[in-house]
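Quick note: numbers below take in every heavy atom, side chains included, and nothing from hydrogens, waters or symmetry partners.
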Amino acid sequence: MRMDPELKRLREFDHRIQEISREFGLDFFPQEFDVIPAGKMLEILAYHFPVNISHWSLGRDYETERTKYEHGFGIPYEVVLNSNPCRAYLMNTNPFPVQVMVMAHVYAHNDFMKNNFHFKPTRRDILPSASEAAIRFHKYEKEHSFVEVERVMDAAMSIQLNIDPDFFIREESEEEKRERLSTPSRPDHIPGPFDDLIPRKAERRPTADEFRRKTPPEPERDLLLYIINHSPKPLKEWEKDVLSVIRDQSRYFMPQRRTKIMNEGWAAFWHIRMMERLFKEGLLNEEEHGFYNLYNSRVLASSPRMLNPYLVGLRIYEDIEERWNKGRYGREWEECNDPAQKEAWDRGLGEGREKIFETRRSYSDRFFIEHFLTEELVEDLQLFLYEGRQEGGEVKYVISERDWRQVKRHLVSHLSTFDIPAIMVQDGDYKGKRELYLMHAYEGIELDPEYREKTMEHIFYLWDRPVHLESAVEGKKAIFTFNGQRHHHGETGEKT
């Protein structure tokens, strides 16, 4: 069977892009590409994987994506999945030079997801895992009814983001936590000759037996996992499987959420340099160069309505490379107050490429922005805070904050939490009645009342005992309770 000429040419470019990527120092998993129509791309966007579990919220997302596409909002040029082999889906409507750009972009994503610290513990077999879960869930629907399965899924999805965001750090079992907490640590105070003059009050440390009884042994961030392991309902095995699948998929996407700016910026950084090589080698013609310039400018366009992770990430990497090449960092650089000297500063260190690879390996967006976003970048990118104002039937965006320190502080705060409230399990045997006591790490933003109540109802369904949530209202400590029949709200009067 004769191969389509364009597909054959794409394969040739794929081979050359791999060679150039390795020359640049990229290290990636085996790469697989699928060229697909818009309908399939919309499905993957909504359901996250080519084949996945079914839920009404994913169907809703599909209709949203389809409506946007039909009204001219377009869809991404590609979708890349963190798997081994790495799987990428390309739109069949992309012009040929755009397909080449996207393939170069994908190899950089592949490198990032293989080597960034936050991706290390994620499931690389997520595609067969999602497909097998879809088959099991369909079986559960036949055995236990569609309504029952959906009810468990509703509850799980209401708290799917309430997992430990730092799961990439070594996880401890409960027994390991108990052993660590009950093992006496080195004393903070070393006895001295004048201790009798300044008596110190000894702090009581819980006994090993108390640690063995306490559940959880220390506040637990992974609410879904705690319910799976400790629900007094008790949960059936199929229900635990449903919760575990949704938890696994949430954990799979956590590194993507935490490194969006870095990951997209890294891919943009390298696709630009790969395309420059391909044009220099004469593998693409002038007309194709024009197509590339048009689509690449769209990828890197800025807007006051939202932060463009491709543009911001790219510019930060380029700035890091230049600064570390010229030695524009460290105490001497920071303390130099001569503008002319700073303008001409170039120590010729050539450490830039090494530095961006080091950054790609160990950072998340939160620290990337905190450590490397400079005043000059904020000004050049016009990365200010904007607000929309209604004027004459249209919304106009005006700058509400220009101070680069405030902009950085705002971004760091958002990237630390993603506006997901931190809810921890404080006590799984509250009042000695197996009631669940949760703690909201209140940081000045109150929980939305409707979401709070609905979520507590979902948690009650999984726990089958009263659920208590400590949070705050107007700066004062408040305890919310749902007992299966009604909601109760009590304020303690204490300030948070």
Side-chain angles (χ1 to χ4, degrees), residues 1-11 13-14 31-83 85-107 109-110 113 123 125-139 141 146 149-150 153 157 160 245-246 249-250 252-253 256-257 260 263-264 267 271 288 291-292 294-296 298-299 301 306 309-310:
M1 186 174 176
R2 191 175 179 182
M3 183 182 295
D4 177 82
E6 185 168 295
L7 182 59
K8 181 182 178 182
R9 192 177 176 215
L10 270 182
R11 287 191 173 184
F13 271 92
D14 182 25
Q31 181 64 55
E32 297 177 352
F33 289 103
D34 284 313
V35 181
I36 60 176
K40 188 60 182 178
M41 185 69 87
L42 293 171
E43 288 180 18
I44 295 173
L45 287 173
Y47 285 83
H48 311 308
F49 306 111
V51 179
N52 198 12
I53 57 178
S54 181
H55 185 255
W56 63 265
S57 65
L58 304 178
R60 173 204 61 198
D61 293 345
Y62 172 78
E63 289 302 319
T64 300
E65 295 294 342
R66 184 175 65 84
T67 301
K68 290 194 299 185
Y69 174 65
E70 291 178 351
H71 285 78
F73 286 89
I75 53 180
Y77 303 142
E78 42 75 28
V79 169
V80 190
L81 297 177
N82 169 34
S83 59
C86 181
R87 197 73 174 269
Y89 300 89
L90 313 180
M91 273 293 296
N92 64 358
T93 55
N94 290 339
F96 185 84
V98 176
Q99 294 290 45
V100 175
M101 175 189 77
V102 170
M103 290 166 68
H105 193 86
V106 164
Y107 275 101
H109 274 315
N110 186 337
M113 293 185 291
R123 297 192 63 161
D125 63 342
I126 192 67
L127 295 180
S129 170
S131 180
E132 291 162 9
I135 295 171
R136 292 199 309 277
F137 281 31
H138 186 61
K139 179 183 174 184
E141 289 174 0
F146 172 83
V149 175
E150 186 178 72
M153 293 181 71
M157 288 186 168
Q160 64 181 324
V245 167
I246 291 172
Q249 292 195 8
S250 182
Y252 169 84
F253 286 109
Q256 279 93 325
R257 286 192 287 269
K260 178 71 172 178
N263 198 346
E264 296 296 359
H271 89 231
E288 290 170 328
F291 267 109
Y292 162 70
L294 173 62
Y295 281 76
N296 190 53
R298 290 175 180 174
V299 169
M306 64 184 71
Y310 301 84

Please check: side-chain N/O of Q31 versus main-chain N/O of C86, any donor-acceptor pairing under 3.5 Å? yes
Check whether any side-chain heavy atom of W56 lies under 4.5 Å from a side-chain heavy atom of M157, and answer yes or no. no
Just by modelled atom types, is the I246 backbone N or O under 3.5 Å from a matching donor or acceptor in the S250 side chain? no
Can you find a pair of side-chain heavy atoms, one from M113 and one from V80, that are under 4.5 Å apart? yes
Closest non-hydrogen atoms of P76 and L45, given as atom of the first, atom of the second and distance, are CD-CD1, 3.6 Å
From M103 atom CE to F13 atom CZ, the distance as rounded to the nearest 0.5 Å: 9.0 Å
Heavy atoms of P37 and N92 approach each other most closely as CA-ND2, 3.5 Å
Stepwise salt bridge (Lys or Arg N to Asp or Glu O under 4.0 Å) check, E65 with K68: CA-CA 5 Å; E65 295 294 342; K68 290 194 299 185; 3.8 Å; yes
Pairwise side-chain contact, F137 with V245, heavy-atom cut-off 4.5 Å (strictly under): yes
Measuring only between side-chain heavy atoms, which start at C-beta, is Y252 closer than 4.5 Å to H48? no
May I have the step-by-step check of side-chain hydrogen bond (donor to acceptor under 3.5 Å, both in side chains) for Q249 and N52, ending in yes or no? CA-CA 10 Å; Q249 292 195 8; N52 198 12; 2.8 Å; yes
Centroid-centroid under 6.0 Å between H105 and Y77 rings: no
Any L81 side-chain heavy atom under 4.5 Å of Y89 side chain: yes
Of all heavy-atom pairs linking P97 and F291, the shortest is CG-CB, 3.5 Å
Q99 side chain to M91 backbone, donor-acceptor under 3.5 Å: yes
Quick check against the 3.5 Å criterion: does K40 have a side-chain atom that pairs as donor or acceptor with the backbone of P50? yes
If I compare all heavy atoms of L90 with all of M41, which pair ends up nearest, and what's the gap? C-CE, 4.0 Å
Lys NZ or Arg CZ of R298 over Y295 ring: under 6.0 Å, within 45°: yes
Roughly how far apart are H71 NE2 and R66 CZ, rounded to 0.5 Å? 10.0 Å
Side-chain donor-acceptor pair present, Y310, N296, cut-off under 3.5 Å: no
Once you measure the plane-to-plane angle for Y47 and Y62, does it fall in the parallel (<30°), tilted (30-60°) or perpendicular (>60°) bin? tilted
What closest approach, in Å, do I126 and N82 show between heavy atoms, and which atom pair accounts for it? CG2-O, 4.0 Å
Minimal heavy-atom distance between F49 and A130, with the atoms involved, is CD1-CB, 3.8 Å
Interatomic spacing from CD1 in I53 to CD1 in I135 - rounded to 0.5 Å: 13.0 Å
Interatomic distance, CD@E63 vs CG@L42, rounded to 0.5 Å, equals 10.0 Å
Presence of salt bridge, E6 and R9, under 4.0 angstrom: no
